[in-house]
Asks: 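Pasting a structure here, questions to come.
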Amino acid sequence: MAESSYLDELNESQRKAVLYNDGPMLVIAGAGSGKTRVLTYKIAYLLDHGYEPWSVLALTFTNKAAREMKERIARQVGIDRARYLWMGTFHSIFSRILRMEAEKIGFTSSFTIYDSADSKSLIDEIVREMELDIKDYRSNRVLSLISNAKNRLLSPEDYAKDKEQRRIDSSHSVPKVYEIYSQYCIRCHQRNVMDFDDLLVYTYQLFETHPEICDYYASYFRYILVDEYQDTNLVQHKLVLKLSSKHRHLCVVGDDAQSIYSFRGANIDFILSFARERNVRVFKLEQNYRSTQTIVNASNSLINKNENQIRKNVFSENDKGEPLSILRAFNDIDESEIVANTIIELHHKGYAYNDFAVLYRTNAQSTCFENTFRKKGVPYQIFGGTSFYQSKEIKNIIAYFRLVVNSDDDEAFRRIVNYPTRGIGDTTFVKLKNVAKQKNVSLWKILCGDLNEMKLTKTNITNLHRFRELIESFKRDLTVKDAEELGHDIICNSGIIGNLNRGLTPENLSQLAKIDNLLNDIKRFCEKKRNDGSSNIFLADYLMEAALLTDADRDDNDVPKVMLMTVHSAKGLEFSNVFVVGMEDGLFPDVTSEVEEERRLFYVAITRAETHCYLTYAKCRYRYGELIRCHPSPFLKEIDSCFRKGVIEEQVYNSGISQPHWGKDKELSLSGCSMFDGGEMPQEPHRFVAPRKLRKIDSSSVPASSSVGQMSGDSLEGKHIEHERFGRGVVEKVEGAGDNRKATVRFENAGVKQLLLKFARFKVCE
DNA sequence: TGCTCACTTGTTTTT
DNA sequence: CAAGTGAGCA
């Protein structure tokens, strides 16, 4: 009804892109040109013109983008219609479809999802079993080969037959990858698990082997929209083509200049060739509404250095703005201090902390900023890296969930069978594993079978039975209790909480806080689903979603905070003031990557900024625990000099060792460093690492300060004891519970010792 | 059985 | 400088 009102908010080219709906189309959207606006309005327009919400499929790059877009559409057309849109990432949409169709490809609907840590662990297991050299077949490397194969839709059989691939693998001394790949798929299938890539590959396979299902969805989705098309890979591309084959109402949006995921199989050619396709209408959005003219011009001057691109003329009619500031720091710590100080200064001038983002090339760079920001009291939030969902405690709890939902998930089994410790150690586990392997079934199936066949002690068997009973008690509630209740039960009854409650150490407190966070997360999930009209929300539902969540998806909008993240995760976001840090040769651009892609990445970084953009580099920085000498990034000079200000003088050191070097050849890199580092490089005092021995004495001889004795109800503290070997001493502290209870005792002659009460031989003196 | 200590090992980027 | 993996002691 308010159609004209929103169409009025669009410029000419945006409006054309919204109104054209007669066939496949491509929107080339320059940075900040309002493509999200086009997508939202287009969907709103479709809903106002006869499309039912559930017949519209919109694929986004992140969950957050999907959520925000949905909210914006809801504002246009009302939540009652917006909620039924199919909107989400490739992964989440297809996991939804796969859950409904799992049986058709030999999975069950309760399949669980492996993250890359799980995948790597499985690969390690296979490599060990095949008795291959773990040094050649590092899980990282193997996984990325497998992942690449999947993204190119190469099955294990295809891979084995691919002469070229096999030749390459052989020359890289990993000739058996094809066999690992094959085993890997078999195992995943056996365990009823899928990894991230599988979610796409199996959907594709499902459509291939069951044309009627493919037809069904292709008819069901009457209009398909895909955001960030420049970052799709082959599977995604083919899935989109399949799904849009019936109605041919397809709208893809992207910007070749922002293609930054080739390492994940994204291929810029899909968008380029799509543009050349007959019958495809191409629209260009070139007016940037986000940034100052200077920022837009600066980024244009940079990206023009790329050969391979669709030429476009991105312009801004905003304020002219200030030149990009280039700042030089002495080292990485100095860099973080400069950034912090600048932020504080601008904060005093009225910017909120969430008006700032610090963008870096690698996650490892965040630590320095964290420390400095904490020290200076600048509130910050880190995205990615060792995130909330990846922290051990959370992963372990999720592993409980997984094992309860899908008991064949051996990786989940492995993680928690002895967490918290319940007397099922390595030896027992290995026995279980061997039998499982021999019988070709999951660990859980063995656990449920006859344990007496194995050479296990009585206690072992009791412990195993107890574990089994624990998990089974949760399983009984899978479809009885909702996710919130069952999740709560699991956390409380699995022994994790009790384990943490035993001592109020800071670590335990932070873990408890994390667990609390997780519970809130589940609660929010349930509330959201209930709002969306679902009635039964089970743990399996939560799990499916949680597996695909990243911390960018967690809404944490309490206090304004400075955002710290990689350039990759900043894609699609915008900030008033952006600091692109670590602008050094070899770091950004990264040595191992393709220059044009790195340049696009830098382009993405700069174009996040609305008003101020700072580019910083350090003269030296710690890498690998070693101080290395750095040179400014060549990208800095590629920005036309009239759009930037500040230092990049820097004479070239031509000694044959041109780059900071952290390649394989250790000797070379050492000699490279010693040459530059010499003695003349002043170092921060706190960078000098205390000798190991000192540290050791520190931590073991000084008892931790917090000793809240009462809560354990223990009467041992302060008592004098006599130990079999160490003689007389005073108990300073007791912590832990059950078998893990230990006492810190200061002995008269033997110093301070920690005694495990289960083992220690002593008597209490009155 | 399990934790602590020492050692090796390695760094893009993410759903 | 991590984080993760393998040998001694309680």
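Every chain is numbered from 1, with letters handed out A, B, ... down the list of sequences. Scope of the values below: all heavy atoms of this structure, side chains included, with no hydrogens, waters or symmetry mates.
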Asks: Ion pair present between A:E597 and A:R600, side-chain N to carboxylate O less than 4.0 angstrom?
Replies: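 The answer is yes: the pair qualifies as a salt bridge.
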Asks: With heavy atoms under 4.0 Å as the rule, sort A:F90 into base, sugar-phosphate or nothing.
Replies: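 Nothing, no heavy atom under 4.0 Å.
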Asks: Taking only N and O in the side chain of A:S569, is any of them less than 4.0 Å away from OP1 or OP2 of B:dT14?
Replies: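 Answer is yes, contact under 4.0 Å.
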Asks: By the 4.0 Å heavy-atom rule, please label A:T62 as base, sugar-phosphate, or nothing.
Replies: nothing
Asks: Which listed nucleotide (B:dT15, B:dC3, B:dG10) is nearest to the side chain of A:T421?
Replies: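 Among the listed nucleotides, the one closest to the side chain of A:T421 is B:dC3.
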Asks: Just one of A:R415, A:R402, A:R414 clears the salt bridge (charged side-chain N to carboxylate O under 4.0 Å, His left out) bar with A:D409, so which one?
Replies: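 One option only clears the test, and that one is A:R402.
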Asks: For B:dT15, does the base pair up with any side-chain atom of A:T89 as donor and acceptor (N or O, under 3.5 Å, distance only)?
Replies: no
Asks: Using a distance-only test with no angle check, is there a side-chain donor-acceptor pair under 3.5 angstrom linking A:Y229 and A:H237?
Replies: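 A pair is found: one side chain offers a donor N or O, the other an acceptor, under 3.5 Å apart.
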Asks: Could you give the CZ-to-C1' distance, from A:R141 to B:dT13, as a whole number of Å?
Replies: 19 Å
Asks: Check this for me: does any side-chain nitrogen of one of A:K395 and A:D115 sit under 4.0 Å from a carboxylate oxygen of the other?
Replies: yes
Asks: Among B:dG10, B:dT12, B:dT14, find the nucleotide with the atom closest to the side chain of A:R361.
Replies: B:dT12
Asks: How do A:S116 and A:T457 order along DNA chain B: which one's closest nucleotide is nearer the 5' end?
Replies: A:T457
Asks: What's the CG-P distance between A:D426 and C:dA7, to the nearest Å?
Replies: 12 Å
Asks: Using whole Å, report how far NE2 of A:H568 lies from P of B:dT12.
Replies: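 After rounding, the reported distance stands at 12 Å.
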Asks: If I take atom CZ in residue A:R138 and atom P in nucleotide C:dT5, what distance separates them, rounded to the nearest angstrom?
Replies: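 These atoms are roughly 14 Å apart.
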Asks: Which nucleotide wins on minimum distance to the side chain of A:F196, given the candidates C:dG4, B:dT15, B:dT11?
Replies: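 Of the options given, the side chain of A:F196 lies nearest B:dT15.
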Asks: Across the strands shown, which category fits A:K135 at heavy-atom distances under 4.0 angstrom: base, sugar-phosphate, nothing?
Replies: sugar-phosphate
Asks: Would you please determine if the base of B:dT13 is stacked by A:F263, with stacking meaning a centroid separation under 5.5 angstrom and planes under 30 degrees?
Replies: yes
Asks: Taking only the side-chain heavy atoms of A:N140 (C-beta and beyond), determine which of B:dT11, B:dC3, B:dT12 contains the nearest atom.
Replies: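 Within the option list, the nearest is B:dT11.
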Asks: Identify whether any heavy atom of A:T362 sits under 4.0 Å from a base atom; if not, whether one sits that close to sugar-phosphate; answer base, sugar-phosphate or nothing.
Replies: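 Sugar-phosphate, backbone atoms only, no base.
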Asks: A:G425 near the nucleic acid: base, sugar-phosphate alone, or nothing, with a heavy-atom cut-off under 4.0 Å?
Replies: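 Answer is sugar-phosphate: A:G425 comes under 4.0 Å of backbone atoms only.
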Asks: Across the strands shown, which category fits A:D198 at heavy-atom distances under 4.0 angstrom: base, sugar-phosphate, nothing?
Replies: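 No contact.
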Asks: Could you tell me the separation between the CZ atom of A:F94 and the P atom of B:dT15, rounded to a whole number of Å?
Replies: 17 Å
Asks: Without decimals, in angstroms, what is the distance between A:R422 CZ and B:dG2 P?
Replies: 11 Å
Asks: Report yes if a side-chain nitrogen or oxygen of A:N363 is closer than 4.0 Å to either non-bridging phosphate oxygen (OP1 or OP2) of B:dT14; otherwise report no.
Replies: yes
Asks: Could you check whether A:Y617 and A:F588 have their ring centres less than 6.0 Å apart?
Replies: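 Ring centres of A:Y617 and A:F588 not closer than 6.0 Å.
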Asks: So do the side chains of A:R361 and A:T566 get within less than 4.5 Å of each other, counting heavy atoms only?
Replies: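 They are not in side-chain contact.
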Asks: Does the side chain of A:N418 get closer than 4.0 angstrom to OP1 or OP2 of B:dG2 through an N or O atom?
Replies: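 Yes, within the criterion.
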Asks: Taking the side chain of A:T592 as heavy atoms from C-beta outward, which of B:dT14, B:dT12, B:dG10 is closest to it?
Replies: B:dT12
Asks: Taking OH from A:Y624 and P from B:dT12, how many angstroms apart are they, rounded to a whole number?
Replies: 9 Å
Asks: Over how many whole Å does the gap from A:D118 atom CG to B:dT14 atom C1' extend?
Replies: 16 Å
Asks: Tell me whether the side-chain N/O atoms of A:T367 come closer than 4.0 Å to OP1 or OP2 in C:dC1.
Replies: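 No, A:T367 has no side-chain N/O under 4.0 Å of OP1/OP2 on C:dC1.
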